[in-house]
Amino acid sequence: MESVLFRLLKEVYIMGIRLKNKVAVITGAAEGIGKATATLFAEEGAKVIILDKQMLGSNVADEIVDLGGTATFIKTDISQEEEVKQAMTNIEREYGRIDILVNNAAVFVLKGLDATVEEWHQSLNVNIIGTSLCTRYASEVMKKHGGGSIVNLGSISSFIAQPEFLPYSTTKAAIVNMTRCMALELAPYGIRVNCVCPGTIRTQAIDRHLANIGITEEQFLAQEAPLHILNRIGKPQEVAFAILFLASEEASFITATSLMVDGGYIAR
Ligand SMILES: NC(=O)c1ccc[n+]([C@@H]2O[C@H](COP(=O)([O-])OP(=O)(O)OC[C@H]3O[C@@H](n4cnc5c(N)ncnc54)[C@H](O)[C@@H]3O)[C@@H](O)[C@H]2O)c1
């Protein structure tokens, strides 16, 4: 028998209206910002498809379904063209359409000029080419069904220099102009393309960064928080809400733009 809490949660999901019955593909949603976005989209009534190279994405889909939402996981490496093409084909066959794509998956190659050719390729292959492949094959489906909305993930690193961020920043700067180029190309088909640029957000990527540079969370927060004029780092849900806005019909006259979600980081 359903518990009262379960029924209440189900009610909330059913009441979600912003993305009611929209088919939303979110890359890199096994954790972090992508997971928060997948969960929020499901709460807003979307049918969520998680593409991630980690099987952990399957647990996120299960959690959403347990809460009364609709979610599926397809194990996909977004840098592999055949895998991306196959995933989008399967989604079209299963759901009949794709309304929203969130290009969230990325790798963080945090190096300077000492980055190896292999590391450069990894950064470019996932963050730039992977984003482009997902957009290409998802937009081909969107075109057939009257349009859609695409949200890319940039960063404060798209605009500023940070020590040892060269390959990562390069890709994130590219995402801002890729967003404009894609928006121009896809506008005739009723597809909007925008970008969300977060400041420092508390995700597993930050945990890995701390382990790599060998400092404690306290030390990291002491130096990182004051860089944001709100004097703290952000939460994944705070980025998810901005992605939701740009993906939704509420942003129907917004395309080719980049929205900072950075607690004021780049204002000074
Ligand atoms: N966390 C931050 O401080 C921050 C700041 C600015 C921008 N961003 C951007 O937000 C996005 C999400 O960041 P996050 O912190 O949640 O990262 P994360 O590392 O916690 O999660 C990234 C996800 O992408 C997946 N992924 C990586 N390579 C993949 C591939 N080839 N194919 C499929 N999936 C792949 C990973 O498995 C993981 O689930 C990224 O685009 C990142 O650049 C993050």
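Because the structure is predicted, anything quoted here is derived from the model rather than measured. Numbering starts at 1 and runs along the sequence shown. In each ligand, atom 1 is the first atom listed, and ligand 1 is the first ligand listed.
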Exercise. Which of the atoms of ligand 1 are close to T76, meaning less than 4.0 Å from one of its heavy atoms?
Worked result: 32 (N), 33 (C)

Exercise. Is it the side chain, the backbone, both or neither of N104 that has a heavy atom closer than 4.0 Å to ligand 1?
Worked result: both

For this session: Check whether any heavy atom of G199 sits under 4.0 Å from an atom of ligand 1.
Result: yes

Exercise. Closer than 4.0 angstrom: is that true for some heavy atom of R208 and an atom of ligand 1?
Worked result: yes

Seminar exercise, completed: Per-atom filter on ligand 1: closer than 4.0 angstrom to a heavy atom of V126 are 28 (N), 31 (N)

For this session: Using distance alone, determine whether I33 and ligand 1 share an N or O pair under 3.5 Å.
Result: yes

For this session: Provide the number and element of each atom of ligand 1 under 4.0 Å from a heavy atom of A30.
Result: 39 (O)

Exercise. Strictly under 4.0 Å, does any heavy atom of V107 approach an atom of ligand 1?
Worked result: yes

Seminar exercise, completed: Near T200 (heavy-atom distance under 4.0 Å), the atoms of ligand 1 are 3 (O)

Seminar exercise, completed: Quick note on ligand 1: atoms under 4.0 Å from a heavy atom of A105 include exactly 24 (O), 26 (N), 34 (N), 35 (C)

Exercise. Contact between K172 and ligand 1, counting heavy atoms under 4.0 Å?
Worked result: yes

Exercise. Does some non-hydrogen atom of G154 fall short of 4.0 Å from ligand 1?
Worked result: yes

Exercise. Does the side-chain hydrogen bond (donor to acceptor under 3.5 Å, both in side chains) test come out yes or no for T27 and D52, once each step is laid out?
Worked result: CA-CA 6 Å; T27 69; D52 204 293; over 6 Å; no

Exercise. Mind checking whether S79 has an N or O less than 3.5 Å away from an N or O of ligand 1?
Worked result: no

Seminar exercise, completed: The protein heavy atom nearest to atom 3 (O) of ligand 1 is I201 N, 2.8 Å

Problem set entry | Contacting atoms of ligand 1, where contact means under 4.0 angstrom from a heavy atom of I206 | 3 (O)

For this session: Quick one: look up the protein heavy atom nearest atom 31 (N) of ligand 1 and list residue, atom name and how far away it is.
Result: D77 OD1, 2.9 Å

Exercise. Does any N or O atom in Y168 lie less than 3.5 angstrom from one in ligand 1, N or O only?
Worked result: yes

Exercise. Going by the order shown, which atoms of ligand 1 are within less than 4.0 Å of some heavy atom of G32?
Worked result: 16 (O)

Exercise. Which ligand 1 atoms are under 4.0 Å away from a heavy-atom of A106?
Worked result: 24 (O), 27 (C), 40 (C), 41 (O), 43 (O)

For this session: Flag I78 as yes when one of its N or O atoms lies below 3.5 Å from any N or O atom of ligand 1, and as no otherwise.
Result: yes

